[in-house]
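Below: the structure, in structure tokens.
Below, chains carry the letters A, B, ... as their sequence lines are ordered, and counting in each starts from 1. Computed over heavy atoms, backbone and side chain alike; hydrogens, waters and symmetry mates excluded.
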There are 2 protein chains.
Amino acid sequence: MSEKGHRKSADGRQKASKKRANTREEQKARTRQKLLGAALSLLETRSFGAISLRELTREAGVAPAAFYRHFDDMEELGLALIEESFEALRGMLKEARTELAGFDQVIRDSVEILIRHIHENRLQFQFIARERYGGVAALRHAIRTEIRLFSSELALDLSRFPVLDKWSSEDLGTYAGLMVTNMVAIVEAVLDLPPGDSRAEAEIKRAAERQLLMLVLGSAGWRSQT
Amino acid sequence: MSEKGHRKSADGRQKASKKRANTREEQKARTRQKLLGAALSLLETRSFGAISLRELTREAGVAPAAFYRHFDDMEELGLALIEESFEALRGMLKEARTELAGFDQVIRDSVEILIRHIHENRLQFQFIARERYGGVAALRHAIRTEIRLFSSELALDLSRFPVLDKWSSEDLGTYAGLMVTNMVAIVEAVLDLPPGDSRAEAEIKRAAERQLLMLVLGSAGWRSQT
DNA sequence: CAAGCGGGTAAACGGTTGTTCACCCAGAGT
DNA sequence: ACTCTGGGTGAACAACCGTTTACCCGCTTG
């Protein structure tokens, strides 16, 4: 309907009924996204290894055979999902990169940002948490290397703080590992909550801040005692 | 085991071919254990939600229908497995309950004991780690409450240490939570290793000791600043 | 404007799944 | 010695699985 073809004059946008912009690759990208989205929403209740291909395509509203136009394999889709999810996570790290304020302010802000991002990307976080030690080996490994990357980025950030800037890089790595471990634990605690319960969430937030503060205070007492 | 009932003459043991002691309930317990064992070994590669009942009975060497003589449901078997696994874990906590030595000695011993127990009960630990945030809700919840229990037991133990004995119980709880979180992280790191790699394991051990030490030093700087 | 390529479909395949059924037979109870 | 009981079996069920096939049709390209 409406215009189409090679126009020359201004514009050219033809936003038909529901699915606009029917160039070939756009259409393909759209159903690919439908598949990934369907996977994410199924992962809310099952783990990845327990999802069947047919169930997935049913949820996505496509024929089972269509799947093979996009992925060879469920595993391949899983890897794509990991990539996509960590993309969102990187956005968070960028925002959290902070100017050097006081310790407790930094902690408060970090926890705030973390929790907000969890809510905005709940399904992705849940997927990663669930598959981190889940049954599909390839996904486990992919996630592990992503987290390692994350951790070393954090170590770099930490090195700009006073006190910490004099630590050995091994100590910094150990410390960053601690922080990440406990951040992950916070994520998991938030995900466990029924999504509406802001009462319990405030409690987790408080506990998280206290825990991170304990960690920071620990750093003050640490003098590289090899 | 061995003797039973009101004996009269010496002995009476008839240990036929492979499966001895054929009282009714012993036999039942034995195949029940076969089912649980089969589940554990399948869980090495899949997550619980991805295991099929038939696959399980095949592994156990029983007919599919036999399953229903023991459990209504796969979920029920999963819960039994959790109970059994945490039983083993409690044994560890008992052993780890320590006399008050120096901090670093306590840490070294604890890590030692933890790692040994992981090796002795690898499958159980793996199962719990995998299902802690896995897809089956009932198992997740059961594991969570067990870990909470574990954590509060630890808090009680901690309260006997100097310095810590003056902390508020909330602070102790927070601290115990930290310890448990990081212990769990250690478990997961060890489980990730290829089982033979003692080189990498020593490294993890070292990192674990350093991390726990950081935590302890943090406690020194903590003065309940509500 | 014709040709054709590619993302989509429905149908069919053999294999596996969970669950039920009638049946068997060794240990328990009298 | 008798029957009863209950853990175990194999066969059968419909439902679902992953994958392949032949086909359709609209965007893309010449």
Side-chain angles (χ1 to χ4, degrees), chain A residues 1-7 12-36 38-39 42 46-78 80 135-136, chain B residues 4-6 12-39 42 45-78 80 135-136:
Chain A
M1 41 227 54
S2 83
E3 312 302 68
K4 85 97 108 25
H6 53 66
R7 285 308 351 263
R13 220 72 254 80
Q14 81 289 13
K15 42 118 47 185
S17 58
K18 205 86 172 208
K19 22 193 68 183
R20 332 123 321 146
N22 276 349
T23 123
R24 210 120 182 179
E25 50 181 343
E26 276 173 331
Q27 176 56 35
K28 178 164 187 185
R30 216 172 295 129
T31 62
R32 182 190 148 102
Q33 210 52 39
K34 277 201 285 185
L35 287 170
L36 290 172
L42 285 178
R46 289 171 217 37
S47 66
F48 188 83
I51 293 181
S52 80
L53 184 147
R54 288 183 104 106
E55 185 176 25
L56 176 69
T57 55
R58 211 179 303 131
E59 174 84 10
V62 264
F67 177 91
Y68 296 100
R69 304 284 188 200
H70 300 269
F71 308 97
D72 285 349
D73 222 44
M74 280 294 270
E75 189 173 299
E76 199 176 300
L77 177 139
V136 181
Chain B
K4 79 88 125 21
H6 51 65
R13 218 82 239 83
Q14 82 294 13
K15 42 111 53 180
S17 56
K18 206 85 171 211
K19 23 193 66 181
R20 331 121 327 139
N22 277 348
T23 124
R24 209 118 184 186
E25 49 180 343
E26 276 173 331
Q27 176 56 36
K28 178 164 187 186
R30 217 172 296 129
T31 62
R32 181 189 148 103
Q33 210 52 39
K34 277 202 285 184
L35 287 171
L36 290 172
L42 286 178
T45 52
R46 289 171 219 36
S47 66
F48 188 83
I51 292 181
S52 80
L53 185 147
R54 288 185 103 106
E55 184 176 26
L56 175 69
T57 55
R58 212 178 303 131
E59 174 85 9
V62 256
F67 177 91
Y68 296 99
R69 303 287 188 196
H70 301 268
F71 308 98
D72 284 350
D73 221 45
M74 280 295 270
E75 189 173 300
E76 199 177 300
L77 177 139
V136 181

- Message: Regarding Phe67(A), tell me which of base, sugar-phosphate or nothing describes its non-hydrogen contacts under 4.0 Å with the strands shown.
- Response: nothing

- Message: Rounding to an integer number of Å, can you tell me how far Arg58(B) CZ sits from dT16(C) C1'?
- Response: 8 Å

- Message: If you compare every side-chain N and O of Thr23(B) against the phosphate oxygens of dG27(C) (OP1, OP2), does one of them come in below 4.0 Å?
- Response: no

- Between dT20(C) and Tyr68(B), is there an OP1 or OP2 to side-chain N/O distance shorter than 4.0 Å? no

- Quick one, give me the B/S/- string for nucleotides 5-12 of chain D, reading 5' to 3', where B means a protein heavy atom under 4.0 Å from the base and S means that only happens at the primed atoms, P, OP1 or OP2. BBBBBB-B

When the side chains of residues 46-57 of chain A are checked against the rest of the protein, which donor-acceptor pairs come out under 3.5 Å, sequence neighbours left out?
{"residue": "Arg46(A)", "atom": "NE", "partner": "Glu55(A)", "partner atom": "OE2", "Å": "2.8"}
{"residue": "Arg46(A)", "atom": "NH2", "partner": "Glu55(A)", "partner atom": "OE2", "Å": "2.8"}
{"residue": "Ser47(A)", "atom": "OG", "partner": "Ser47(B)", "partner atom": "OG", "Å": "3.0"}
{"residue": "Ser52(A)", "atom": "OG", "partner": "Glu55(A)", "partner atom": "N", "Å": "3.1"}
{"residue": "Glu55(A)", "atom": "OE1", "partner": "Ser52(A)", "partner atom": "N", "Å": "3.2"}
{"residue": "Thr57(A)", "atom": "OG1", "partner": "Leu53(A)", "partner atom": "O", "Å": "3.3"}
{"residue": "Thr57(A)", "atom": "OG1", "partner": "Arg54(A)", "partner atom": "O", "Å": "2.9"}

- Message: Just to be sure I follow the notation: if a pair is Watson-Crick (purine N1 to pyrimidine N3 plus N6-O4 or O6-N4) or a G-U wobble (N1-O2 and O6-N3), each under 3.5 Å, what dot-bracket string does DNA chain D give, with | for pairs to another strand?
- Response: |.||||||||||.|||||||||||||||||

Less than 3.5 Å apart, which donor and acceptor atoms pair up between the side chains of residues 63-75 of chain A and the rest of the protein, not counting sequence neighbours?
{"residue": "His70(A)", "atom": "NE2", "partner": "Thr31(A)", "partner atom": "OG1", "Å": "3.2"}

- Item | Any side-chain heavy-atom pair of Arg24(B) and Lys28(B) under 4.5 Å | no

- Between dT20(D) atom C1' and Asp72(A) atom CG, what is the distance in whole Å? 14 Å

- Message: Please enumerate all residues that pass side-chain hydrogen bond (donor to acceptor under 3.5 Å, both in side chains) together with Gln33(A), with sequence neighbours excluded.
- Response: Glu84(A)

- Query: How many Å lie between CD1 on Ile51(B) and P on dT17(C), as a whole number?
  - Reply: 12 Å

